[in-house]
Amino acid sequence: MLTIWGRINSHNVKKVVWLAEEMGLAYDRRDVGGPFGMDDAYRALNPNALIPTIEDGGFTVWESNSILRYLASSHGGERFYPVESRARASAERWMDWHFTWADAVRPIFFQMVRTSPDQRDAGLVARSVARAAALSAILDEALERQPWLSGDAFGIGDIPVAAYANTWVQLPVERPSRPNLERWYAALQERDAFRNVVMIPLS
Ligand SMILES: N[C@@H](CCC(=O)N[C@@H](CS)C(=O)NCC(=O)O)C(=O)O
């Protein structure tokens, strides 16, 4: 049985649980992090004191994107991970680019969801909203040429960007029209795992 440590309102935990659900894996998710805290046993598993961490038959991995790659390389998850080297690089590029995207979306999320209104930094929100809007043009352009960030089919190249795209879409901020991104987001919503794991209320 796969064990996934991490509270489910974490973007990085959502990514891993989403893939586990897509793969139909049996897993036991344990709440760690944020209000749940972390004990010494958890810190021994993950010296970064961050979530998520997984344990699979005595094998422990942390770093959410590494976990995605591991799961998609085992347990029949290969259909989510292109094999051919150029197709794989094209898909994986979005897993790395997601850090750029997350750096724009995260401040808006923290300010609007996890910061009381009187403590908010309006300048930071405005700069981050503008940055996310500009970056969304890059996504839109890519999704004009292909249906998924992973290529012709949904895969792990879509998951990290989509976790933050959902937050961007759910936040009450101005967004430019991005037809291809909107078509991709609508297609994501047809996936049960995306709706059930990622599209939960932001908290
Ligand atoms: N690069 C790491 C980042 C992990 C990370 O920053 N996790 C956040 C939650 S999204 C965390 O552990 N925050 C502290 C906490 O929840 O207590 C990964 O992708 O796994």
Side-chain angles (χ1 to χ4, degrees), residues 1-75 77 80 95-96 98-121 124-125 128 132 156 158-173 185 188-189 191-203:
M1 165 85 82
L2 175 71
T3 304
I4 303 173
W5 281 272
R7 56 187 166 79
I8 195 60
N9 62 345
S10 144
H11 290 86
N12 289 309
V13 173
K14 283 181 177 181
K15 286 153 54 177
V16 169
V17 175
W18 177 10
L19 181 60
E21 289 280 340
E22 292 277 356
M23 291 173 60
L25 292 179
Y27 63 88
D28 174 22
R29 188 185 61 76
R30 301 189 187 165
D31 278 323
V32 170
F36 301 99
M38 283 173 199
D39 60 14
D40 288 345
Y42 182 76
R43 286 168 199 271
L45 287 175
N46 186 337
N48 304 288
L50 293 172
I51 50 172
T53 301
I54 66 157
E55 196 259 337
D56 180 31
F59 175 61
T60 303
V61 200
W62 38 262
E63 279 299 331
S64 57
N65 285 357
S66 297
I67 296 170
L68 294 179
R69 291 185 178 94
Y70 168 71
L71 291 179
S73 303
S74 55
H75 303 298
F80 297 111
M95 300 175 76
D96 294 323
H98 118 283
F99 292 109
T100 302
W101 174 235
D103 284 349
V105 176
R106 193 186 302 105
I108 318 172
F109 167 69
F110 269 89
Q111 289 290 315
M112 304 202 70
V113 176
R114 295 195 181 158
T115 306
S116 61
D118 57 313
Q119 300 290 315
R120 285 182 193 154
D121 179 340
L124 174 60
V125 172
S128 302
I156 60 172
D158 292 275
I159 289 179
V161 173
Y164 281 91
N166 175 68
T167 296
W168 183 59
V169 169
Q170 302 299 333
L171 286 167
V173 295
Y185 186 69
L188 287 167
Q189 289 177 72
R191 311 188 75 85
D192 290 347
F194 181 75
R195 284 198 316 278
N196 296 336
V197 175
V198 181
M199 294 185 73
I200 58 176
L202 300 179
S203 67

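Looking only at atom types and distance, the side chain of D118 has a donor-acceptor partner in the side chain of S116 under 3.5 Å away. Side-chain N/O atoms of Y27 and T3 include no donor and acceptor closer than 3.5 Å.
Here the OG-CD1 distance, from S64 to I54, works out to 11.0 Å after rounding to the nearest 0.5 Å. We find the CG-CE distance between L202 and M112 to be 11.0 Å, quoted to the nearest 0.5 Å. D39 contributes atom CG, which lies 9.0 Å from atom CG of L45 (distance to the nearest 0.5 angstrom). Here I108 contributes atom CD1 and R120 contributes atom CZ; the two are 12.5 Å apart, rounded to the nearest 0.5 Å. I4 CD1 to L25 CG: the interatomic distance, rounded to the nearest 0.5 Å, is 8.0 Å. Here I159 contributes atom CD1 and N65 contributes atom CG; the two are 9.5 Å apart, rounded to the nearest 0.5 Å.
Between the W5 side chain and the T53 main chain, no donor and acceptor come within less than 3.5 Å of each other. No donor-acceptor distance shorter than 3.5 angstrom exists from the side chain of N48 to the backbone of L50, with no hydrogens or angles considered. Of the possible polar contacts, one joining the N196 side chain to the D192 backbone as a donor-acceptor pair under 3.5 Å is found. A donor-acceptor pair under 3.5 Å is formed between the side chain of R195 and the backbone N or O of Q189.
Screening residues 6-27 for salt bridge (charged side-chain N to carboxylate O under 4.0 Å, His left out), with sequence neighbours left out, gives E22-R191. For residues 52-62, there are no salt bridge (charged side-chain N to carboxylate O under 4.0 Å, His left out) pairs, not counting sequence neighbours.
Residues F80 and L68 fail the side-chain proximity criterion, which asks for heavy atoms closer than 4.5 Å. Proximity of N166 to F194: side-chain heavy atoms (C-beta onward) are separated by under 4.5 Å at one or more points. Side chains of Y70 and H75 form a contact here, defined as non-hydrogen atoms less than 4.5 Å apart. A 4.5 Å side-chain heavy-atom check between H11 and R106 finds every atom pair outside the cut-off.
In terms of heavy-atom proximity, I8 sits nearest to R29 at N-NH1, 3.5 Å. Between I67 and W62, the closest heavy-atom pair is CD1-CA, 4.1 Å. G6 and D31 make their closest contact through O-OD1, 4.0 Å (heavy atoms, listed as atom of the first residue, atom of the second, distance). The minimum heavy-atom distance between L19 and L71, with the atom names listed, is CD2-CB, 3.8 Å. Considering all non-hydrogen atoms of both residues, L124 and D121 come closest at N-OD1, 2.9 Å. Closest approach of A193 and W18 over heavy atoms only: CB-CD1, 3.5 Å.
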Under the criterion side-chain contact (heavy atoms from CB on, under 4.5 Å), I'd like the reasoning laid out for I51 against N46: C-alpha separation, chi angles, the key distance, then a yes or no.
CA-CA 8 Å; I51 50 172; N46 186 337; over 6 Å; no
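Residues passing the side-chain contact (heavy atoms from CB on, under 4.5 Å) test with D28 are M1, R30, sequence neighbours excluded.
When ring centroids are compared, F109 and Y164 stay outside the 6.0 Å threshold.
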